[in-house]
Every structure is written in structure tokens, then in C-alpha cells.
Amino acid sequence: MAELRHSASFGPRATSSPMKRDSDSSPLIPSAAADHHHLHPLPDDDDDEERDRHSLKDRYRPLQYLSSFFGDDPRVPNPLHSSRISLFCTLLLILVGLLSLFSIVNKLNAPYLCKKDGITLICPHVKESPSLWENPLSSTTSWKPCAERRDGVIEELPPENETNGYIFIHAEGGLNQQRIAICNAVAVAKIMNATLILPVLKQDQIWKDQTKFEDIFDVDHFIDYLKYDVRIVRDIPEWFTDKTELFSSIRRTVKNIPKYAPAQFYIDNVLPRIKEKKIMALKPFVDRLGYDNVPPEINKLRCRVNYHALKFLPDIEQMADSLASRMRNRTGSSNPYMALHLRFEKGMVGLSFCDFVGTREEKAKMAEYRQKEWPRRYKNGSHLWQLALQKRKEGRCPLEPGEVAVILRAMGYPKETQIYVASGQVYGGQNRMAPLRNMFPNLVTKEELATKEELDGFRKHVTSLAALDFLVCLKSDVFVMTHGGNFAKLIIGARRYMGHRLKSIKPDKGLMSKSFGDPYMGWATFVEDVVVTHQTRTGLPEETFPNYDLWENPLTPCMCKA
């Protein structure tokens with residue numbers, strides 16, 4: 001039998017609440033005696049004698065409690081009295097010693113949180129909570145979305161040829177990174193009163209996808225919904241002849257835009273060049289606009305783009321609706337379902353530089369992979385073990401499938417829970433997935449939920465498949481993320497924007513790493529820690545703060561008090 005544990009413990013646990021101190025004696029007793037003495041004063045000649053008598057009574061007072069046990073009056077001299085007290089104290093010490101020994105032996109032989117029998121995890125049963133599938137109603141009715149287009153309010157936009165010029169961007173990365181770039185492009189165009197050329201979805205080195213904007217999003221709806229905010233055109237103007245050189249020409253490209261740049265940076269540094277050259281490409285354009293250093297209306301515009309203007313094509317929406325419906329009706333009756341974004345692909349495991357349980361061969365192959373992909377960070381590998389320990393302690397490592405299984409069981413989710421998994425190829429394959437799949441057998445992916453023919457139409461664009469995962473997760477009753485990334489934070493942000501009704505669980509990985517590394521933690525204590533800690537990590541309203549992430553927490557200025 002092997003147990004689910006990491007090899008190191010990360011320090012003692014903090015107690016959850018202070019203990020009250022009990023007092024064995026009451027301050028009222030000496031006070032009453034003093035009052036009695038004051039009411040009945042003694043003659044001066046008898047003070048010493050009376051004081052000695054009181055002292056003698058006080059000396060024997062503790063023995064009165066023992067006399068009830070032994071049946072003797074301590075005021076009557078008894079030669080067996082001392083021996084009986086000694087015997088009682090000896091028996092008491094022996095009892096305390098036996099209890100302590102039992103406690104120590106029990107701790108030394110205590111099972112870990114969940115036993116692992118082959119590839120099966122065996123965890124104790126947890127009673128299902130009544131609020132397992134939804135947030136409290138009182139927490140979901142205080143805010144409402146308010147970034148949608150206001151009917152009847154029309155802002156006068158200048159004609160296309162009277163704006164300050166054109167801006168052009170390549171939206172890089174995966175689907176969700178591209179989505180953020182598009183939202184930022186609209187906002188930057190508004191800041192500079194420029195015309196936005198429909199962004200190009202650039203082929204990413206990892207995703208190897210040639211998807212165009214119109215292959216994923218409804219272009220007509222996008223342009224029409226934003227027509228009172230920003231001027232948007234489908235293509236580069238015909239009068240501009242250097243289309244192929246737009247990104248390669250230094251004269252036509254604005255580079256070195258800092259990350260999370262303020263609105264004023266674009267006005268001071270980019271707008272003059274647009275006015276001069278009329279068309280400018282912005283490169284790179286990932287996270288090139290800040291959150292708390294732009295006007296509130298610009299942040300609201302970014303939410304308007306993200307939650308209202310950017311709509312997937314109808315066939316993607318319909319297929320996602322079908323998959324969500326199948327998840328809820330897999331057992332023949334309507335059931336809630338959970339969506340799990342499991343970030344444990346080979347690339348994520350390698351990039352994390354965390355250490356994971358595995359064979360010596362697996363560790364050697366991962367070391368070769370890291371050295372090849374990230375040679376400057378890998379160096380000679382000698383520093384990585386200490387780095388891995390520190391990252392796990394700080395909760396910066398992806399959760400393994402087995403760890404996810406234990407956390408979900410501790411929260412109270414039963415074996416019958418329907419789980420939709422959005423993930424790439426899991427590192428370690430079926431062996432790594434086995435603990436999660438065995439504990440929650442009703443676990444499926446879109447490939448298991450749909451036929452090959454249904455998905456064939458989406459396979460030509462990797463981004464289309466990612467869009468299906470995005471929508472099925474968005475529609476789920478509970479969404480669980482296991483690591484950071486744009487996919488998870490956009491899902492959590494969208495569910496918050498829709499009213500906080502749907503749970504979005506963000507595990508406290510720092511606390512979980514300490515719990516998994518504590519060899520003396522009992523299952524009941526672990527369950528209590530998990531439940532209490534995650535009561536405030538379910539996508540409930542959160543006030544914004546400096547440098548907050550607008551995509552994960554759009555509460556203000558994109559939402560209003562109901």
C-alpha cells in the first residue's frame with residue numbers, strides 16, 4: 001500500500017481558532033470570606049489564634065475534594081491518608097501515560113489522507129453539503145452586469161477618413177490570449193480615436209493554427225455592436241499598397257510598448273506616429289494596456305467587447321449547447337455537472353519547473369525536455385530541486401489529477417458527480433489520470449461526449465475545439481481550475497459577470513501543498529480546512545484593488561449595484 005503524500009512536510013499547521021481558558025477557582029470565594037471577616041470582627045487578643053485556625057482550614061481545603069473519593073474527613077488524622085493520595089496520583093499518572101502513548105502510536109501508525117491501492121485512491125466518505133452546486137442566493141443578487149450597449153445612446157463617431165489613422169495588430173497565442181488582445185485593441189483605438197483594422201489571429205508556435213477571425217467569431221455582430229464606440233473596418237484600406245510589409249517595416253511598426261502601459265502612454269508616444277504615417281502596426285500586443293491606469297469607461301468598453309461583442313459562430317454555439325445538454329442528461333435524468341480545467345500537459349509541467357512523483361525514467365526525460373526547451377532557465381539543473389520545493393510551498397505548481405480528486409472528495413462531491421474535463425494531453429497519460437478517473441468514474445471529454453463525425457468539422461481549426469471547451473465550461477454548474485492561465489480567468493470572470501450564481505472554484509494550492517505534506521493530518525481536519533478555506537473561493541463578488549486583473553474580476557466598473 002502506498003499513500004498520496006509528498007516527501008517533505010512544510011512546517012506545522014496553524015490552529016484555526018483560539019481556545020478559551022477555563023479557571024478552576026472563582027474569585028468570589030476569597031471575597032466572600034473577606035466580607036464575613038469584616039462583618040464579624042474578632043477581639044485583638046484572639047487575632048493570631050484565629051488566623052492560624054483559618055490558615056489550617058485553607059491548607060486542608062484542597063483535600064476535601066479527595067475525601068469525597070476516599071470517604072475520609074481530612075480533618076481527622078489518618079495514617080493511611082498520605083498513602084492513598086500517593087496511590088491515586090500514581091494511578092492518575094499511569095492513566096495519562098497510557099493515553100499519551102496511545103496517541104503517539106496512533107499518530108505514528110495513522111493512515112495518510114487517502115490510501116492508494118495500485119492505481120485506485122481510497123478516501124473516506126464525506127457528507128454532501130446542501131450548497132455543493134450553487135453560491136448563496138444572498139451573494140448573487142447584489143450586483144448586475146452593466147457594460148452592455150445602451151440602447152438610444154449614440155455617440156457621434158467621425159467618418160473613417162477623419163479619424164486619426166489606422167491601427168493594426170496580430171492577436172498572438174491561443175484562443176483566450178487572442179481574445180484579450182482583441183479587447184485591448186478596441187480600447188486602444190478608442191483612446192486614440194483611431195480606426196481599428198479587424199485583428200489577424202496569428203499562428204502560434206505551440207498551437208500551429210491558421211484560424212482567421214471570421215473562422216471563430218461573428219464579424220458582423222462584432223462590428224455592429226461596437227459601431228457607436230469605435231470605427232472598425234474589415235481590411236487594410238485599398239489605397240495602402242505596402243500590406244505585406246506592414247509588420248516588417250520599422251517605419252510602420254510601433255515597438256517597445258511596455259506591459260500594462262497607461263492610456264497616457266498611447267496618447268504621448270503612439271498617437272503622434274499614427275497621425276504622421278496614417279497606418280501603424282502595434283507589436284507585440286500581449287498585455288500592453290493596464291487596468292487601473294486607464295479611464296473607467298475604457299475598462300467598461302473592454303468588458304463590452306469581451307462579454308457582448310465577441311460572439312462565437314452559431315455552429316460553435318450550437319455544438320456547445322448540445323454538449324452541455326448531454327452532460328446534464330447522461331444518466332437519463334437532469335443532473336448538474338462540473339467542468340474541470342485540468343492543466344497538466346507536458347508543456348505546463350515542464351514550464352512550471354516543479355517536481356512531480358514519477359519513475360526515474362520519467363524524471364530523466366523531463367529533465368532532457370526542459371534542458372532543450374528552456375536552456376537558459378535549466379542551466380545544469382543543480383538548482384532545480386530547491387526551486388521546486390519553494391514553488392510547491394508557495395502554491396505555484398499545477399495540481400496533479402490525484403490531488404484534484406482528493407480535494408473534490410473533501411469538498412463533498414460524491415462518486416456519481418458528472419465531470420467534463422477540458423484539457424490537452426495529460427502528462428503521464430492514463431496512469432496519471434487513473435486516480436481521478438477511478439474516484440469519479442463519470443468523467444468525460446468532448447471526444448467521449450460527441451461522435452467523430454460531429455467533431456470533424458471543428459478539427460481543421462484547433463481554436464474551434466478550444467472554443468467548444470470554453471463554452472461547455474462557461475455553462476457548467478461548477479467550474480474548477482487547477483492552475484492559472486487566460487482560459488481559467490476568462491471563465492471565472494464571465495461567470496462573475498453573469499451574476500455570481502455559478503460556482504467557480506479556485507483551489508488554494510499553497511494550503512493544499514502543506515496539507516498533502518503533513519504526515520500527521522487526519523482526514524477530518526483536512527476536510528474542515530478544505531471546506532472553510534474555499535468558502536470564499538467560489539467566484540463570489542470581490543472588490544477590485546490596484547493592479548487587479550479585469551478579466552478574472554470585472555466587478556467594477558463593469559458591474560453595478562443591483
Side-chain angles (χ1 to χ4, degrees), residues 143-150 167 169 171-191 196 198-201 211 213-214 216-230 232 260 263 285-292 294-313 316-317 320 341 463 466-475 479 481 484-502 504 539 541-542 544 547-560:
W143 293 86
K144 65 177 182 179
C146 62
E148 65 271 20
R149 186 176 65 187
R150 293 163 293 175
I167 61 172
I169 70 155
E172 302 177 348
L175 171 65
N176 299 288
Q177 188 170 311
Q178 292 172 345
R179 189 184 190 99
I180 292 173
I182 293 166
C183 296
N184 285 339
V186 173
V188 167
K190 179 70 173 179
I191 290 170
L196 175 66
L198 195 70
V200 171
L201 308 186
T211 305
F213 191 104
E214 55 268 28
I216 296 293
F217 300 111
D218 187 332
V219 177
D220 292 334
H221 175 79
F222 178 73
I223 294 175
D224 181 70
Y225 197 91
L226 298 171
K227 64 184 178 183
Y228 299 130
D229 295 297
V230 177
I232 303 174
Y260 307 112
F285 202 68
V286 178
D287 297 325
R288 301 295 150 171
L289 184 63
Y291 303 118
D292 61 335
V294 301
E297 282 301 317
I298 295 299
N299 279 335
K300 183 175 288 189
L301 174 59
R302 288 200 274 188
C303 289
R304 188 173 304 140
V305 179
N306 188 27
Y307 303 124
H308 300 284
L310 274 177
K311 286 184 64 176
F312 291 111
L313 291 176
I316 296 177
E317 295 271 3
H341 185 220
T463 312
L468 290 177
D469 277 341
F470 183 91
L471 288 173
V472 178
C473 288
L474 188 64
K475 299 170 188 293
F479 171 72
M481 61 170 287
N486 293 320
F487 183 100
K489 68 184 180 182
L490 282 171
I491 292 286
I492 292 175
R495 291 162 71 90
R496 276 186 167 138
Y497 185 78
M498 291 188 295
H500 306 90
R501 290 185 297 275
L502 304 175
S504 301
E542 287 186 15
T544 54
N547 300 313
Y548 72 96
D549 194 315
L550 178 71
W551 313 114
E552 185 174 339
N553 185 22
L555 190 65
T556 55
C558 301
M559 301 186 72
C560 310

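FYI, side chains are in, hydrogens and waters are out, and symmetry mates aren't considered; it's all heavy atoms of this structure.
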Are any non-hydrogen side-chain atoms of [X] and [Y] less than 4.5 angstrom apart?
{"X": "N486", "Y": "W551", "value": "no"}
{"X": "I491", "Y": "H341", "value": "no"}
{"X": "T556", "Y": "W143", "value": "yes"}
{"X": "D229", "Y": "E297", "value": "no"}
{"X": "I316", "Y": "F217", "value": "no"}
{"X": "R179", "Y": "I182", "value": "no"}
{"X": "Y497", "Y": "N306", "value": "no"}
{"X": "L310", "Y": "C183", "value": "yes"}

Heavy atoms only: give me the nearest [X]-[Y] pair and the separation to one decimal.
{"X": "L175", "Y": "A466", "result": "CD2-C, 3.9 Å"}
{"X": "G493", "Y": "P554", "result": "O-CG, 3.5 Å"}
{"X": "R495", "Y": "S504", "result": "NE-OG, 2.9 Å"}
{"X": "N299", "Y": "Y291", "result": "ND2-O, 2.8 Å"}
{"X": "A494", "Y": "L474", "result": "CB-CD1, 3.4 Å"}

Backbone of N184 reached by a side-chain donor or acceptor of R302 within 3.5 Å: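 Between the backbone of N184 and the side chain of R302 there is no qualifying donor-acceptor contact (under 3.5 Å).
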If only atom types and distance count, is the side chain of H221 paired as donor or acceptor with the main-chain N or O of H308 below 3.5 Å?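 Present.
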What's the separation between atom [atom1] in [X] and atom [atom2] in [Y], rounded to the nearest 0.5 Å?
{"X": "D287", "Y": "I180", "atom1": "CG", "atom2": "CD1", "answer": "6.5 Å"}
{"X": "F285", "Y": "I169", "atom1": "CZ", "atom2": "CD1", "answer": "5.0 Å"}
{"X": "D549", "Y": "Y260", "atom1": "CG", "atom2": "OH", "answer": "7.0 Å"}
{"X": "C473", "Y": "M481", "atom1": "SG", "atom2": "CE", "answer": "12.0 Å"}
{"X": "R304", "Y": "K190", "atom1": "CZ", "atom2": "NZ", "answer": "8.5 Å"}
{"X": "K300", "Y": "E148", "atom1": "NZ", "atom2": "CD", "answer": "9.0 Å"}

Chi angles and distances behind the side-chain contact (heavy atoms from CB on, under 4.5 Å) call for V230, L301: CA-CA 10 Å; V230 177; L301 174 59; 4.3 Å; yes
Would you please name every residue forming a side-chain hydrogen bond (donor to acceptor under 3.5 Å, both in side chains) with K311, sequence neighbours left out? none
Who are the side-chain hydrogen bond (donor to acceptor under 3.5 Å, both in side chains) partners of E542, not counting sequence neighbours?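 Listed in chain order: R496.
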Answer yes or no for R149 and Y225: cation-pi contact, defined as NZ/CZ to six-membered ring centre under 6.0 Å and angle to ring axis within 45°. yes
Residues that P295 engages under side chain to side chain contact (heavy atoms under 4.5 Å, CB included), provided they are two or more places apart: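 With sequence neighbours excluded, P295 shows a side chain to side chain contact (heavy atoms under 4.5 Å, CB included) to A263, I298, given in chain and number order.
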Between C146 and C558, is a disulfide (SG to SG under 2.5 Å) present by the stated rule, with each step listed? CA-CA 6 Å; C146 62; C558 301; over 6 Å; no
